[in-house]
Amino acid sequence: MKPGNPFVRMGHATLEGISRLGTATRFLLQILWRSGTSWRRFHLIVREIYSSGVLSLIIIVVSGLFVGMVLGLQGYQTLRTYGSAESLGVLVALSLVRELGPVVAALLFASRAGSAITAEVGLMKTTEQLQAMEMMAVDPMARIIAPRFWGGVISMPLLAAIFSMTGIYGGYMIGVRLLGVDDGAFWSQMQSAVDLRDDVVNGIIKSVVFGFVITLIALFEGYDAVPTAEGISRATTRTVVTSSLAILALDFVLTAFMFKGA
Amino acid sequence: MDRTLLDFWVGVFVAIGLAALFTLALKVSNADSFDQGKTYTVKASFNNIGGLKVRSPIKSAGVVVGRVSDIRFDNQTFEAVVDFRLSDKYQFPKDTSASIMTSGLLGEQYVALDAGGDSHNLKNGDTIRITQSAVVLENLISQFLYNKAADSPSQGNAGNAPNSGNAPAAGVKP
Amino acid sequence: MNIKDGSIDSSIDDSIDGFIGSAKLLTCEIVYMRSICHLLVMPLECGRFLLLIINSVSTENLVDIRRVSFSYRNRSVLREISMQVPRGKVVAIMGGSGCGKTTLLRLIGGQLHANAGEVLVGGQNVAQLDNTALYRLRRKMGMLFQFGALFTDLTVFENVAFQMREHTDLSEQMIHDMVLMKLHAVGLRGAQQLMPYELSGGMARRAALARAIALDPMLMMYDEPFTGLDPISMGVIGNLIRRLNDALGLTSILVTHDIEESLKIVDYVYFVSNGRIEAEGTPDEIRVSQQAFVHQFVHAEEDGPVPFHYPAPDYAQDLGITDMRQAGVGQA
């Protein structure tokens, strides 16, 4: 059997994929198992919230503002045709809270914080820092990986909420201040249309799931990287690609589950 | 980086994030956190409020003078009781009338106030007596069809008209 | 040059003497404080301490490697290797690149497990320890990685303080003093606030050395400590290894291929090649050895028992020359 045979290649790729998935699952279990230390020494997590959350703040706020402003413009153009420009608030808020907030914030988070995590962990592996730590009787899983994981999981929903809020404010600026939609109608229609459980809470759940998945992928790719310069660059690329695909696919699955009954 | 500075920024970040979460949550809870300034409340009863919502605008001569603060159903009179929160800046005579209007064909519904000629002004807790309910589109259409059929029973093929609610079938038949 | 050497030596001597003096004082203090803090745990700790003493008395060799084999996937790296590292000695493991020297260190540190045979450290079989016991054992080991492996996001000071913060509840003041002592011992007290990327190769190596001895280990392992250093830094590191070993009562294992520098400072040498021990002996025995392998290594000869060429098929055949010649013959 030649190795170039498409079936051989497909089989090989499938097995490889399954084995990587298995390794990643074991990796996740180890993180959860050894998270005790990082919760007891919370400043470790605080440090990671800083590097994945605070440092992503600017890009999140700016993108949120622009996305909201575009929604305001586009929504107004469309709604005006039906004489219901007052529903602009509903359109902006629903699209941000349900979809764009969690998804776009997660995509930005993957490329800003996820790639940084992969590069950092990969470099630590390449320069033997992880092994050195192990030899110093400090578990890198507990000291390096777990705090980064929880930092990401905590940061993500906050970033998504900030994104949605700035987006709604951007839509408000354009819709109400610039295009003259009624202030009260904007907010009142939004309030009556946006549901706390169905929209806001579901959006937050989505962003928590995304944070979980992105950080896990980023950490795993970094920890699993081939310890060379090329290996790290490939791992970083893979983090962004894999987590972006995972976000979009998961978004569909979650949405299908959440709004099935609604 | 200094530990304190780092803690500070993380604190700021978490505070902003939580504030955003709360604002998102409060958007839904209808908590009146956007109205400022002194207000007084008057109420009015309507047979039908149509699509009026809490926080819908109250306009007089097209100017927003207040917002709907509460909508209840009165089980004695079987009417909707609507609370208006009006700004202290605007005073209206006692015999002011309130009607529920629609901006545009499908647009937002609002309350329009028409000032009367009474020398006394409305005070907090007063009731507006003269009200006009919302126009319900279906009723309007059926009324229109009914009138049309009544006006000219011989004209037009009424069999094509939608046989809606209270449209009297007898009148439509040739 | 001699004077210069002497002055360097004496200054290192001074710093190490001072370091040991204060270390003893501090150790007393620490023991005192800890005994107050952990009065309840005392009996347990005492028992463990006694066990340690018994262990150390009963086994003369701190590290004992018995007929160990190891292979990466299908590539055999070590084949039934046996070696002993006596307490208080500096032992070098030498051999060409990629002959499994670093693997040996990993086996001792418990990062890898042997396929066959056993690795005993202080009388304990490393492969049979559970995670907790292994980590307890590792606290008594220090390892200097090839390029230092300093934590790049921490200053030199924090690097050295790392283990103290992780493993002890010492006060900030005490950590500060101990870190300065360790840094002084390697001559980097002035560089405490620098970041690792601001250090030269030699300085990074020394900072890593200070970090490795932070908690006074009983076993030090050096992975290629001389690679990529200028002659002065090399001499400094070599001297530090020997002096720290004697002054702190350590046992040291040195993995290197720098024969000249290591023969100056070690007590015993093992030569590893092709996963086997080809030769062993004291530095003097090695220098005069007539064994072909050792001779080639000591005198840096290009070809010998260690071939210049990686195993390959016949050169002419690889180039296809034989075929051409045959074709040529055919044409003629």
Side-chain angles (χ1 to χ4, degrees), chain A residues 16 19 26 29-31 33-38 40-52 54-55 113 116-148 151 222-223 225-229 232, chain C residues 102-103 105-112 121 126 129 131-154 158-169 196-197 204-205 207-215 217 219-224 253:
Chain A
E16 194 86 331
S19 114
R26 241 179 41 198
L29 291 178
Q30 280 196 350
I31 291 177
W33 183 248
R34 303 192 193 168
S35 291
T37 319
S38 40
R40 274 194 302 280
R41 295 170 57 194
F42 197 69
H43 74 92
L44 291 177
I45 297 184
V46 169
R47 220 184 126 91
E48 299 314 323
I49 295 179
Y50 180 82
S51 55
S52 61
V54 177
L55 294 182
I117 288 175
T118 305
E120 193 186 12
V121 174
L123 209 65
M124 283 181 132
K125 185 185 183 188
T126 310
T127 53
E128 292 181 314
Q129 290 180 50
L130 294 181
Q131 285 174 30
M133 200 171 273
E134 229 170 76
M135 280 308 296
M136 285 190 254
V138 177
D139 186 359
M141 271 296 180
R143 183 65 172 67
I144 297 290
I145 306 294
R148 279 170 176 70
Y223 199 75
V226 179
T228 59
I232 293 174
Chain C
T102 308
T103 308
L105 288 191
R106 295 235 179 121
L107 287 170
I108 297 170
Q111 288 181 311
L112 297 173
V121 178
V126 176
L129 296 176
N131 229 25
T132 330
L134 182 63
Y135 272 38
R136 202 181 300 136
L137 180 65
R138 278 185 188 162
R139 288 191 195 187
K140 301 188 204 105
M141 297 180 182
M143 183 150 171
L144 181 68
F145 282 83
Q146 194 166 350
F147 295 106
L150 289 171
F151 301 131
T152 38
D153 55 338
L154 301 178
E158 286 300 322
N159 261 287
V160 179
F162 182 79
Q163 269 181 294
M164 303 177 191
R165 293 196 200 286
E166 291 291 324
H167 294 318
T168 70
D169 326 315
Y197 59 80
R205 212 73 57 94
L209 185 52
R211 185 181 66 175
I213 58 168
L215 286 185
L219 173 67
M220 270 301 297
M221 293 183 276
Y222 301 90
D223 189 1
E224 307 276 11
I253 303 175

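When reading the values below, keep in mind they use all heavy atoms of this one structure, side chains included, and skip hydrogens, waters and symmetry mates. We name chains A, B, ... by the order of the sequence lines, and we start the count at 1 in each one.
Chain A forms more heavy-atom pairs under 4.5 Å with one residue of C/M221, C/Q146, C/R211 than with any other, namely C/R211. Interface summary for chain C: among A/T127, A/L130, A/V138, the most heavy-atom pairs under 4.5 angstrom belong to A/V138.
Crowding of C/R165 atom CZ: a count of heavy atoms from other residues, nucleotides or ligands under 6.0 Å exceeding 12.
One distance of note links CD1 of A/I144 with CZ of C/F151; it measures 7.0 Å at 0.5 Å rounding. Note that CG of C/L144 is 11.5 Å distant from CE of A/M135, once rounded to the nearest 0.5 Å. Residue A/E128 holds its CD atom at 7.0 Å from CE of C/M143, rounded to the nearest 0.5 Å. Here the straight-line distance linking atom CZ of C/F162 with atom CZ of A/R143 works out to 4.5 Å at 0.5 Å rounding. Atom CG of C/D223 sits about 9.0 Å away from atom CD of A/Q131, to the nearest 0.5 Å.
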### Task
Applying salt bridge (charged side-chain N to carboxylate O under 4.0 Å, His left out), run through A/E134 and C/R106 and close with a yes or a no.
CA-CA 11 Å; A/E134 229 170 76; C/R106 295 235 179 121; over 6 Å; no

### Query
Given the rule in the side chain to side chain contact (heavy atoms under 4.5 Å, CB included) test, do A/R47 and C/D153 qualify, once you have shown the distances and angles that lead to the verdict?
CA-CA 12 Å; A/R47 220 184 126 91; C/D153 55 338; 3.4 Å; yes

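The two residues C/T152 and A/Q129 have their closest heavy-atom pair at OG1-NE2, 3.1 Å. When all heavy atoms of C/R138 and A/A137 are compared, the pair lying nearest together is CB-CB, 3.9 Å.
For C/L134, no part lies under 4.5 angstrom from a heavy atom of chain A.
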